[in-house]
Each structure stands twice: as structure tokens, then as C-alpha cells.
Amino acid sequence: MQLKLKLTVVAAIAAAAGVASAQEQVVKIGHVAPVSGAQAHYGKDNENGARMAIEELNAQGVTIGGKKIKFELVAEDDAADPKQGTAAAQKLCDAKVAGVVGHLNSGTTIPASKVYNDCGIPHVTGAATNPNLTKPGYKTTFRIIANDNALGAGLAFYAVDTLKLKTVAIIDDRTAYGQGVADVFKKTATAKGMKVVDEQFTTDKATDFMAILTAIKAKNPDAIFYGGMDPQGGPMLRQMEQLGMGNVKYFGGDGICTSEIAKLAAGAKTLGNVICAEGGSSLAKMPGGTAWKAKYDAKYPNQFQVYSPYTYDATFLIVDAMKRANSVDPKVYTPELAKANFKGVTSTIAFEPNGEMKNPAITLYVYKDGKKTPL
């Protein structure tokens with residue numbers, strides 16, 4: 001009798017557990033960034049931001065459509081390569097993720113955006129800044145950071161109006177991002193009367209810039225604008241110092257606006273000539289920036305770069321739209337994403353009809369004693 005009673009109790013507990021797990025639904029959210037190669041420090045930082053958000057959402061115990069949701073991050077590596085970017089996007093579509101945070105680079109995000117559109121999954125980037133991203137008008141594409149039109153123009157205004165610089169040489173790394181931001185800077189600067197004395201290009205894999213810098217040095221510009229990322233920016237600053245170009249200002253977008261560039265410049269005094277722009281406010285001016293950064297540093301010491309607050313917000317933003325739609329189905333909640341008015345760590349996020357952010361801020365930075373400092 002006692003054994004029978006025990007078995008009945010065990011069966012009842014098992015049945016209750018079965019009901020509980022049946023009511024819990026796993027919802028996958030994708031994340032893509034380069035976590036291998038020269039840009040892995042950015043990619044890891046981005047992934048950390050999304051992962052931190054997923055853990056906090058699971059700790060909150062979110063319920064959508066009457067079911068307790070367990071979020072799962074499906075992280076992919078695109079190695080900053082457009083082909084790998086589209087392959088990663090297709091992999092996430094096949095894995096039936098409910099939404100995607102990413103990618104990091106414009107060169108990977110732009111081709112991936114078509115894949116997401118075709119499979120009906122929304123993606124939110126907090127890092128890719130080329131304005132062409134939103135040109136196709138996909139209803140699945142969202143950006144929560146200022147684009148290169150704002151960054152390139154802001155730097156050109158500062159160069160001409162504040163620093164009164166007259167001449168500039170332009171270098172880009174031939175990526176969608178590098179060419180895009182350099183082009184905006186050039187157009188804005190020339191419209192304001194600045195003279196472009198030389199244009200050179202490199203690749204996002206190069207480390208030797210002596211030949212192009214020597215050619216530029218002969219033209220004696222007041223400044224160099226570099227459209228590219230910090231794995232090239234750091235060595236370029238070192239080589240400028242070796243060539244005696246210590247008085248040339250060095251401008252760039254968010255790709256060089258990292259703490260890592262100080263390490264990559266390896267003590268070059270030319271780091272003090274850098275003026276770079278980032279979409280969004282400085283951490284200190286973000287609504288939740290300072291408290292968020294303390295939390296991030298405790299969890300991921302010495303890994304912070306630039307975009308993790310945005311990938312964190314992007315993850316919460318997607319879930320906020322799911323909650324408002326009372327559905328985790330991308331077809332149902334994507335229209336709610338477009339209507340967002342989400343108070344995030346970085347800012348209050350709302351969108352224009354094309355998926356661009358309304359009223360994005362930009363911040364200019366310099367490097368004082370090797371530390372990135374908002375102007």
C-alpha cells in the first residue's frame with residue numbers, strides 16, 4: 001500500500017513538472033558579429049551586451065501569450081566577411097530564431113538584411129552605420145545608432161568650423177563602412193571649403209601604410225581622415241609618428257573610436273591628434289550608462305569597446321515589442337517594433353518609417369593621456 005502511494009505521489013509530481021515545462025517556451029534570439037579575426041574585440045563586446053540582456057530577461061521571468069518564456073542566445077561569427085555574414089543570417093533563419101541583434105559591420109549587415117527580409121525575421125543593429133542599409137526599405141531592418149551621414153558630417157563641421165583646418169587627405173579601407181563614412185566626410189568638408197589634397201585606399205587586413213602615408217606627407221595636409229577600423233588605425237598612427245607627421249590631425253568614425261586603438265597605437269604620440277565620432281551619447285550622458293557600465297565591467301572585465309550598450313538595448317527592444325504584441329511570432333510582433341518608444345540604457349528608441357532611429361545623437365571624442373574622452 002505504502003509503495004503504491006509513493007508511486008502515485010511520484011507520478012503526480014512528474015505530471016506537474018511536465019505541465020510546468022510544457023508551459024515554458026524557448027524563444028531563440030540570434031546575434032551575429034566577428035568573434036574571430038582582427039575585429040574580434042568588437043564582436044565579443046557586442047555579444048556580451050546581448051548575452052547580458054538575455055540573462056537579465058530570463059531572471060525577470062517574462063510571460064508572453066500566457067507562456068513563461070526562456071530566451072536563448074544563438075550566437076554566430078561572421079568574421080567581418082560579407083559571405084560569412086549572409087551564411088550566418090541564413091543559418092539563423094533555418095534555426096527559426098524569433099529576431100536578430102546584429103551585425104557589427106555595414107559590409108556584413110547590408111547583404112544579411114536581405115536574407116532576414118526574405119525569411120521574415122526582424123534584425124536590429126546597434127553598430128552598422130552605412131546609410132545604404134535602410135535604402136531598400138525592408139520592414140525587418142532597424143538601426144538604433146546614428147548613421148554615417150551624421151558621423152561624417154559632424155566630423156567635417158568640427159574640422160572646418162572649430163579647428164579651422166584647410167586641407168585634408170582621405171584614406172579608406174574599401175569596405176562599405178569605410179568608403180561610406182569617408183565619402184560623407186569628403187562631401188561635407190569640400191562643401192564647406194576644405195581642400196582634399198590626396199585620396200588613398202587600403203584594405204581591412206593591411207598593417208603597412210608607409211607607402212600611402214609617404215605620398216600623403218608630400219602633400220602636407222592639415223589632417224588625415226581614415227574610413228576604417230582600429231586594427232588599421234592603430235598601426236597607421238604609429239607609422240605617422242615614424243614619418244614625422246606628429247602635427248597632422250587624424251579623423252575617423254566610430255570604427256576607430258575605441259579604447260583598443262590606444263593599445264594598437266602602442267604609445268604613439270599621434271594618438272593625441274585623433275578626433276573620432278560615435279553614434280549616441282557618451283556613457284556618462286546615456287540615461288542608464290554609468291550604472292550599466294559598472295554592471296558590464298563586473299561581468300566582463302576589460303572587454304568593453306563601443307557597441308555593447310546598443311546590443312543590450314536591441315535585445316530588450318525586441319522583447320518589448322513581443323510583449324506589446326503578446327506574441328513571439330516575428331510576423332505578429334515586427335509591426336510593434338516599428339512603433340517602439342523604448343526607454344533604453346542608451347536613449348529612448350523610436351523609429352522613422354524606414355527603420356532609422358529618430359533624433360540620434362553623436363559624440364566626438366579625443367584621447368587624453370591615452371584615454372578616450374568625450375569632447
Side-chain angles (χ1 to χ4, degrees), residues 42 105-106 127-133 143 145-202 204 216 219 221-230 232-234 236-237 240 245 247-262 265 270-282 285 305-307 310 356-357 359-368 372-375:
Y42 298 99
N105 309 80
S106 297
T129 51
N130 189 303
N132 290 336
L133 174 64
R143 170 167 30 219
I145 198 166
N147 68 27
D148 292 336
N149 289 337
L151 298 180
L155 286 162
F157 276 104
Y158 188 76
V160 179
D161 296 343
T162 306
L163 298 180
K164 311 288 185 216
L165 303 179
K166 301 281 187 265
T167 57
V168 65
I170 293 174
I171 310 170
D172 77 68
D173 68 358
R174 298 281 101 172
T175 64
Y177 164 69
Q179 282 182 275
V181 72
D183 196 42
V184 174
F185 178 88
K186 179 187 166 183
K187 281 182 184 156
T188 313
T190 49
K192 292 183 71 60
M194 200 176 195
K195 191 178 177 204
V196 177
V197 294
D198 198 6
E199 287 185 73
Q200 298 277 348
F201 61 87
T202 181
D204 61 351
I216 287 170
K219 308 278 174 66
D222 296 331
I224 287 173
F225 182 92
Y226 176 56
M229 308 295 274
D230 66 13
Q232 286 63 50
M236 206 180 284
L237 289 168
M240 282 170 69
M245 300 171 77
N247 58 345
V248 180
K249 293 286 183 195
Y250 188 83
F251 289 87
D254 52 344
I256 67 159
C257 221
T258 62
S259 45
E260 190 74 11
I261 198 170
T270 42
L271 181 69
N273 295 340
V274 172
I275 299 123
C276 57
E278 222 178 74
S281 305
S282 64
K285 288 189 176 171
Q305 295 299 326
V306 181
Y307 307 109
Y310 296 94
E356 290 282 6
M357 191 165 153
N359 310 316
I362 77 158
T363 304
L364 300 188
Y365 291 85
V366 291
Y367 289 79
K368 286 186 180 161
K372 183 175 152 185
T373 312
L375 262 175

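These figures come from a predicted structure and were not determined experimentally. Heavy-atom basis, side chains included; hydrogens, waters and symmetry copies ignored.
There is no side-chain donor-acceptor pair under 3.5 Å between Asp204 and Thr175. No donor-acceptor contact under 3.5 angstrom links the side chains of Asp173 and Gln232, judged on distance only. Looking at Asn105 and Tyr42, their side chains never bring a donor and an acceptor atom within 3.5 Å of each other.
Residues Thr270 and Met245 approach most closely at CG2-O, 4.1 Å, considering heavy atoms. The shortest heavy-atom contact between Ser282 and Thr363 is N-OG1, 3.4 Å. Smallest separation of non-hydrogen atoms from Ala277 and Cys257: N-SG, 3.9 Å. Across all non-hydrogen atoms, the minimal contact from Val184 to Thr188 is O-OG1, 2.8 Å. Between Ala169 and Ile216, the shortest heavy-atom distance links the atoms CB-CG2, 3.6 Å. The two atoms that bring Arg143 and Thr129 nearest to each other are NH1-C, 3.1 Å, heavy atoms only.
A salt bridge links Asp161 to Lys192: one of the charged nitrogens lies within less than 4.0 Å of a carboxylate oxygen.
Here the side chains of Leu163 and Asp222 are not in contact, with every heavy-atom distance at 4.5 Å or above. Looking only at side-chain heavy atoms (C-beta outward), Pro221 and Val168 stay at 4.5 Å or farther from each other. Looking at Asn273 and Val248, their side chains never come closer than 4.5 Å, going by heavy atoms from C-beta outward.
Here the straight-line distance linking atom CD1 of Ile261 with atom OH of Tyr250 works out to 6.0 Å at 0.5 Å rounding. Atoms CD1 and CZ, from Ile170 and Phe201 in turn, are 14.0 Å apart once rounded to the nearest 0.5 Å. To the nearest 0.5 Å, the span separating CD on Gln179 from CZ on Arg174 amounts to 4.0 Å. From Tyr310, atom OH reaches atom CD1 of Ile145 across 4.5 Å, with rounding to the nearest 0.5 Å. Between Asp148 atom CG and Asn132 atom CG the span is 9.5 Å, to the nearest 0.5 Å. The OH atom of Tyr226 sits 6.0 Å away from the OG1 atom of Thr202 when rounded to the nearest 0.5 Å.
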Requested in this report: I would like to know whether Tyr177 and Asn130 meet side chain to side chain contact (heavy atoms under 4.5 Å, CB included); could you show each step before the answer?
Outcome: CA-CA 6 Å; Tyr177 164 69; Asn130 189 303; 5.6 Å; no
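The 12-atom threshold is exceeded at NZ of Lys372, counting heavy atoms of other residues, nucleotides or ligands nearer than 6.0 Å.
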